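Please read the structure below before turning to the comments.
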Amino acid sequence: MTQQEMKKIAAKAALAFVTPDTIVGVGSGSTVNCFIDELASMKDKIKGAVAASKASEERLRSHGIEVFNANEVTELDVYIDGADEITPQGAMIKGGGAALTREKIVSALAKKFVCIVDGSKQVNVLGSTFPLPVEVIPMARSYVARELVKLGGSPEYREGVVTDNGNVILDVHHFEILEPLKMEHTINNIAGVVTNGIFAQRFANVTIVGTPKGAKIIE
Ligand code: 5RP
């Protein structure tokens, strides 16, 4: 079975977590694209969605799903998104698609975070397989990079990428994140950092893993 097929299995299983008659929080990425396509099958049963990227907004609209601005909602029942890495405790690295800041904002509005992944995203320690994305105000890029080196990482400028918020991304390689919550706060305290891709404060409450045997749900 391909990775794409496993993403689709996880995405389909996430529909069971959508509360009818509510606005759904929707993340960004290829797994979320599968989820948006599945969500279209119940578009008449939901009020609409708040999306974490312009790409997700466009895909939702293409299915006729109404898109709300994050400022229009006070709380969401559920936020559904993918991850680049996830631990058994539900801490994640996100931001492979550069949408980490909006993902943090929309997920902060939600009572429950449901993370949809294929098995390749499961790790015991964050940073094992994927570099940590950090969104940075452009004029602070070199300063933030030097501070990340002091924390033990090897930051690399993601050439040619500008986020939906007009900022740049530093990907921090060789960064074993043993204390995700502490590191999330430490990096966010560097001047010029908008946010980093550790989701430990807002961890996943539910993980749905797409496998050849079906969806495995970890709560
Ligand atoms: C985008 C993200 C995505 O959720 C993450 O990169 C996973 O993407 P994919 O579903 O394509 O593997 O954080 O910023």
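Both ligands and their constituent atoms are indexed starting at 1 by order of listing. This one's a predicted model, so the numbers in the text were calculated from it and none came from an experiment.
- Shown in contact with G97 at under 4.0 Å from a heavy atom are these atoms of ligand 1, numbered in order with element: 1 (C), 6 (O), 14 (O).
- Taking 4.0 Å as the cut-off between side-chain N and carboxylate O, R61 and E57 count as a salt-bridged pair.
- Between the choices I93, V117, D84, D118, the shortest heavy-atom distance to atom 5 (C) of ligand 1 belongs to D84.
- Remark: ligand 1 atoms within the under-4.0 Å shell around heavy atoms of A98 are 14 (O).
- Summarising the contacts of atom 1 (C) of ligand 1 with E103, K94, K121, the nearest heavy atom is found in E103.
- Within the 4.0 Å heavy-atom criterion, the part of A83 lying near ligand 1 is the backbone and not the side chain.
- In the model, E85 has no side-chain atom that pairs as donor or acceptor with a side-chain atom of S128 under 3.5 Å.
- In terms of protein heavy atoms, atom 10 (O) of ligand 1 is closest to T31 OG1, 2.6 Å.
- For the pair E5 and K8, the salt-bridge criterion is not met [side-chain N within less than 4.0 Å of a carboxylate O].
- Near G82, meaning under 4.0 Å from one of its heavy atoms, ligand 1 places the atoms 4 (O).
- In terms of N/O distances under 3.5 Å, ligand 1 is approached by A99.
- The pair K111-D77 counts as a salt bridge, with a side-chain nitrogen and a carboxylate oxygen less than 4.0 angstrom apart.
- T163 and E135 are linked by a side-chain donor-acceptor pair at a separation below 3.5 angstrom, with hydrogens and angles left out of the test.
- Every atom of ligand 1 is numbered from 1 in the order shown, and the set under 4.0 Å from a heavy atom of D81 is 4 (O).
- Residue S28 holds the heavy atom nearest to atom 3 (C) of ligand 1 of all those in S28, G29, G96, S53.
- Residue contacts with ligand 1: G27 is excluded, as none of its non-hydrogen atoms falls under 4.0 Å.
- Using a 4.0 Å cut-off between a side-chain N of Lys or Arg and a carboxylate O of Asp or Glu, D21 and K47 do not qualify as a salt bridge.
- At a cut-off of 3.5 Å, with distance as the only test, no side-chain donor of T2 or Q4 sits close to an acceptor on the other residue.
- Against a heavy-atom cut-off of under 4.0 Å, G95 is close to the following atoms of ligand 1: 2 (C), 13 (O), 14 (O).
- Of the protein's non-hydrogen atoms, the one nearest atom 9 (P) of ligand 1 is S30 OG, 3.3 Å.
- Using modelled atom types, one finds no donor on one side chain facing an acceptor on the other under 3.5 Å when comparing N167 with N165.
- Look at K104 and E184 and you find a salt bridge, because one of the NZ, NE, NH1 or NH2 atoms lies within 4.0 Å of a carboxylate O, short of that distance.
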